[in-house]
Amino acid sequence: MHAVLADERIAVYEATLGRNAVKGAADEIFGRARASGDGSYDAIVRELIARLESLRHETLMPVINATGIIAHTNLGRAPLSEEALAAVAELSRGYSNLEYDLEVGERGSRYVRVSSVLNDVTGAEDSLVVNNCAAAVLLVLDTFAKGREVIVARSQLVEIGGGFRIPDVLERSGATLVEAGTTNRVYIEDFERALSPRTALLLRTHASNFRIEGFIHDATARELVALGRRAGVPVVEDLGSGALADLATYGVPHERTVQEALADGVGLVAFSGDKLLGGPQAGILVGHAHLIARMRSNPLLRAVRVDKMTLAALGATLRLYREGTWRERIPIYRMISATLDDLRVRARAYTARLPAATAIDSDGFIGGGALAQERIASVAVSIGADKPERLAKRLRASRPPIVARIDRNRLLLDLRTIAPQSDETVIAAVASLI
Ligand SMILES: *Cc1c(COP(=O)(O)O)cnc(C)c1O
């Protein structure tokens, strides 16, 4: 037993599964071997590895993202900054003033502190944070549009993925969808014609992961806001990725920012915390104080409320924007702002050590709902292999798992999403497999 647990092939599992789980699995395999009376050392190790592998797949663990997709939803979207991680650890280790007003010594609001930073960095009158952007949209519809009508452009009746479809969300919230315009051309007059005494909201959604090109027209946010004012109906915009900064400075197509939506006069803007904000999973609502106040008193808020870890991480992330250090401190912005020269220098370390590797120009992707298909120039290391799929599978099985991209029968390791401190690990893993 001692020898088996100390065997390098087994000991590596302790890092992800913990010593107790490894020992428990070993007990089980030894018990079985004793009962059946046949148990050579190698057979036991082999069986134990198979058992530990299946346990490993039930465990969340760190993965190296070599896909080049920065806010990769399947890989956990935005990695957190050191500041956000430290805030989570510090606030979760003991008690906190989560819902406690220290001045008066009574129950306080869970949301006031994060709202104050959010209002500072976005310029919004007021704000609210819930579990994710889907919940934020649901809360808006439930608060304002239940039993009433919501007008949406036909060009924006989208499915984001993961079951989030605008027409279905509207239906679930008890609102009636009223479609305006055609698939490719929507004018403000279409919205005007769709107005009725039962209209509760004018809703804009970010088309996120698809694009219509050619003979197109859309009603602008400003036109909607002007119409909404005349009709006494708020305009809500589901922005999705929620960039607070202009990405055009990084050579990525400009993405409408939260501040731009607010400047257009949009009443409520909804966005995610873990896409281009670079924080934890959360749904953020910013906008007019009287609209936010109505959502605060909706009982549904209790069901979609955020926990202290989210608030700690989100607060710390937002403070980086307030301090102006977000470019250097938030991991996704470090990835986005790495220059092609930076990446080429790192690629040379791969090609120098791996004979089968060549450095190539590639396309990374911003990823994460909105901007899913926006490309960002990148550099990848292409690994020559007869069966790239098989190499990809082996890389996924290495520790930590490495998720690569297959492109035109080549295995690509995109350097934009690999943290520079992981280069050595990736090089060693590839070297051991080819
Ligand atoms: C990503 C996205 C959502 C869903 O956000 P979650 O935070 O994952 O719930 C909703 N709307 C748009 C436009 C999105 O891009």
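Whatever order the structure lists them in is the order used to number ligands and atoms, beginning at 1.
Between R77 and ligand 1 there is a heavy-atom distance shorter than 4.0 Å.
Close contacts between ligand 1 and H206 involve ligand atoms 13 (C) [criterion: under 4.0 Å to a heavy atom].
Below 30°, between 30° and 60°, or above 60°: for Y187 and H217 the angle between ring planes is below 30°, a parallel geometry.
Closest to atom 12 (C) of ligand 1 by heavy atom, among G273, S241, G240, S272, is G240. Across A282, A207, C133, heavy-atom proximity to atom 5 (O) of ligand 1 is greatest for C133.
By the 6.0 Å and 45° rule, R185 stacks over the aromatic ring of F215.
Between the side chains of H254 and E374, no donor-acceptor pair of N or O atoms lies under 3.5 Å.
The shortest N or O to N or O distance between D238 and ligand 1 is below 3.5 Å.
Contacts with ligand 1 closer than 4.0 Å are made by no heavy atom of Q281, backbone or side chain. Here E237 has no heavy atoms under 4.0 Å from ligand 1, in either its backbone or its side chain.
By the 4.5 Å heavy-atom criterion applied to side chains, V130 and V306 are not counted as neighbours.
Between E389 and R405, no side-chain nitrogen of the basic residue sits less than 4.0 Å from a carboxylate oxygen of the acidic one, so the salt-bridge criterion is not met.
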